[in-house]
Chemist: 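The structure's right below; bear with me while I get my questions together.
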Amino acid sequence: MTHPEPATRRHSATWSLIHAERAALAGDLAGLTDRQWATPSLCAGLTVREVLAHLTAGASLGPARWMAGVIRCRFDFDRQVAMRLAEQLGATPAGTLARFRRVSTGTTKPPLPAVAMLGEAIVHGEDIRRPLGLHRDYPITTLTRVAGYYHGSDLVVLAKGRVRGLRLAATDGPFGAGSGPLVSGTTLALIMAMTGRTLYCDELDGDGAAILRDHGTSRPDAKTRAAKAIRGSDRGNDSDVDRTRVLRRPGTHSRWARRR
């Protein structure tokens, strides 16, 4: 009997973690009211419902469909994010959640490493939970792996660039990396600060915490830019990405369809 290679086992284990995070998030959101669904998330300009739709979009895009969307959006990645989010919003909050549940056990992903999808599940899970006052006790092994990924990568979100020249040290687990002024705190707070969520800098200590906060405010992430693309000016009237066509549908917010 042959055994899977370590890399194969690691890949399978990563997807198990992703599925666990998606299931936990779906469970947390099952009883939300319409008002709660409209709560602003930690992604500037997006509600918690819209962030969930973004997670659904990411779990629905294989490499070929992802590239097709990029081409349709003329390599404007922020518009691609906005377009795919709108596709997955659904007519009602219940529909948004149902769409997320349908993809929650899948392994479809854009051309990214699986650990990036795990990071998305955790970071966007917090983008949703924190404003709603919801709490999740994440496994420290999962958080440690995600922290290590973000420290060494700028894929999906600029993280490596934000923490360059800083020493990060978790107070609740084994994560530690980098050199320079110290930034210490929980592994989750470090992850969220690395990915530009400056609210979590309030939970960090050390001479480097203020530096990291400054880096977070000066470098908006892709979802913030996509929100501006959704609600800001168009760059043309391409039939597939014109917001008045893509985003004007039952259940979407009317402000999405406004043109400057």
Side-chain angles (χ1 to χ4, degrees), residues 17-18 20-59 81 85 89 93 96-97 100 104 116-140 142-147 149-151 156-159 162-163 168 170-173 175 183-205 209-210 212-228 230 253:
L17 297 176
I18 294 167
E21 291 306 322
R22 291 173 178 171
L25 181 59
D28 283 347
L29 302 182
L32 294 191
T33 65
D34 287 349
R35 176 174 292 184
Q36 287 175 308
W37 279 112
T39 301
S41 74
L42 296 188
C43 287
L46 297 181
T47 65
V48 297
R49 180 184 169 197
E50 292 162 356
V51 174
L52 189 69
H54 168 69
L55 280 173
T56 303
V81 170
L85 185 161
L89 194 64
T96 306
L97 182 57
F100 179 69
S104 63
M117 300 298 286
L118 178 60
E120 288 274 283
I122 289 175
V123 171
H124 289 318
E126 282 297 293
D127 288 337
I128 291 169
R129 287 186 175 102
R130 182 70 177 253
L132 293 172
L134 301 175
H135 176 76
R136 171 161 169 75
D137 289 320
Y138 299 91
I140 192 63
T142 301
L143 293 178
T144 300
R145 185 170 180 199
V146 170
Y149 169 72
Y150 280 127
H151 184 269
V156 183
V157 59
L158 179 69
R162 280 196 178 95
V163 298
L168 308 184
T171 56
D172 61 344
F175 174 70
V183 183
S184 64
T186 65
T187 312
L188 179 61
L190 290 171
I191 288 170
M192 298 302 289
M194 275 193 278
T195 55
R197 279 65 177 175
T198 56
L199 177 66
Y200 288 79
C201 291
D202 295 340
E203 303 173 15
L204 301 176
D205 295 310
L212 182 52
R213 179 189 295 274
D214 181 63
H215 288 176
T217 57
S218 62
R219 300 170 180 177
D221 69 11
K223 260 62 75 180
T224 298
R225 297 193 306 270
K228 291 180 180 178
I230 291 169
H253 300 293

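Just the heavy atoms: all of them, side chains too, but no hydrogens, waters or symmetry mates, feed the values below.
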Chemist: What's the spacing between Leu188 CG and Thr144 OG1 if we round to 0.5 Å?
Modeler: 11.0 Å

Chemist: Between OG of Ser184 and CG of Leu168, what distance do you get to the nearest 0.5 Å?
Modeler: 9.5 Å

Chemist: Please give me the minimum heavy-atom distance between Arg162 and Gly216, naming the atom from each residue.
Modeler: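 That closest heavy-atom pairing would be NE-CA, 3.6 Å.
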
Chemist: Between His54, Glu120, Met192, which is the residue that forms a side chain to side chain contact (heavy atoms under 4.5 Å, CB included) with Asp127?
Modeler: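 Testing each of His54, Glu120, Met192 against Asp127, the sole residue satisfying side chain to side chain contact (heavy atoms under 4.5 Å, CB included) is Met192.
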
Chemist: Tell me which one of Ile128, Leu132, Leu97 satisfies side chain to side chain contact (heavy atoms under 4.5 Å, CB included) with Leu32.
Modeler: Leu132

Chemist: Can you tell me how far apart CD (Glu203) and OG1 (Thr171) are? Round to the nearest 0.5 Å.
Modeler: 10.0 Å

Chemist: Is there side-chain contact between Leu55 and Leu25, with at least one heavy-atom pair below 4.5 Å?
Modeler: yes

Chemist: Side chains of Val157 and Tyr150, heavy atoms from C-beta outward: is any pair under 4.5 Å?
Modeler: yes

Chemist: Any idea which heavy atoms bring Thr39 and Gln36 closest together, and the distance?
Modeler: OG1-O, 2.8 Å

Chemist: If you compare all heavy atoms of Pro131 against all heavy atoms of Glu126, which two are closest, and at what distance to 0.1 Å?
Modeler: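 Heavy atoms of Pro131 and Glu126 come nearest at CD-O, 3.9 Å.
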
Chemist: Test side-chain contact (heavy atoms from CB on, under 4.5 Å) on Val51 and Leu42 and set out the steps.
Modeler: CA-CA 9 Å; Val51 174; Leu42 296 188; over 6 Å; no

Chemist: Is there side-chain contact between Met117 and Val156, with at least one heavy-atom pair below 4.5 Å?
Modeler: no

Chemist: So, do Glu50 and Cys43 sit near enough that their side-chain heavy atoms are less than 4.5 Å apart?
Modeler: no

Chemist: Could you pull out the closest heavy-atom pair between Glu21 and Ala121, with the gap in Å?
Modeler: CB-CB, 4.0 Å

Chemist: Roughly how far apart are Arg145 CZ and Ile191 CD1, rounded to 0.5 Å?
Modeler: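 Here the rounded value is 12.0 Å.
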
Chemist: Is any side-chain heavy atom of Thr96 closer than 4.5 Å to a side-chain heavy atom of Phe100?
Modeler: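 When only atoms from C-beta onward are counted, Phe100 and Thr96 do not touch, as no gap falls below 4.5 Å.
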
Chemist: Using a 3.5 Å distance criterion without hydrogens, assess whether the side chain of Asp172 forms a donor-acceptor pair with backbone atoms of Thr187.
Modeler: yes

Chemist: Looking at Cys201 and Leu212, what are the two nearest heavy atoms and their distance?
Modeler: SG-C, 4.4 Å

Chemist: Is a side-chain N or O of Arg136 found less than 3.5 angstrom from the main chain of Leu134, in a donor-acceptor match?
Modeler: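 No: the side chain of Arg136 does not pair with the backbone of Leu134.
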
Chemist: Would Trp37 and Leu52 count as a side-chain contact (heavy atoms from CB on, under 4.5 Å) here? Give the steps.
Modeler: CA-CA 10 Å; Trp37 279 112; Leu52 189 69; 3.8 Å; yes

Chemist: For a quick test of reading the model, state the closest non-hydrogen atom pair linking Leu85 to Ala57 and the distance between them.
Modeler: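 In terms of heavy atoms, the two residues are closest at N-CB, 4.2 Å.
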
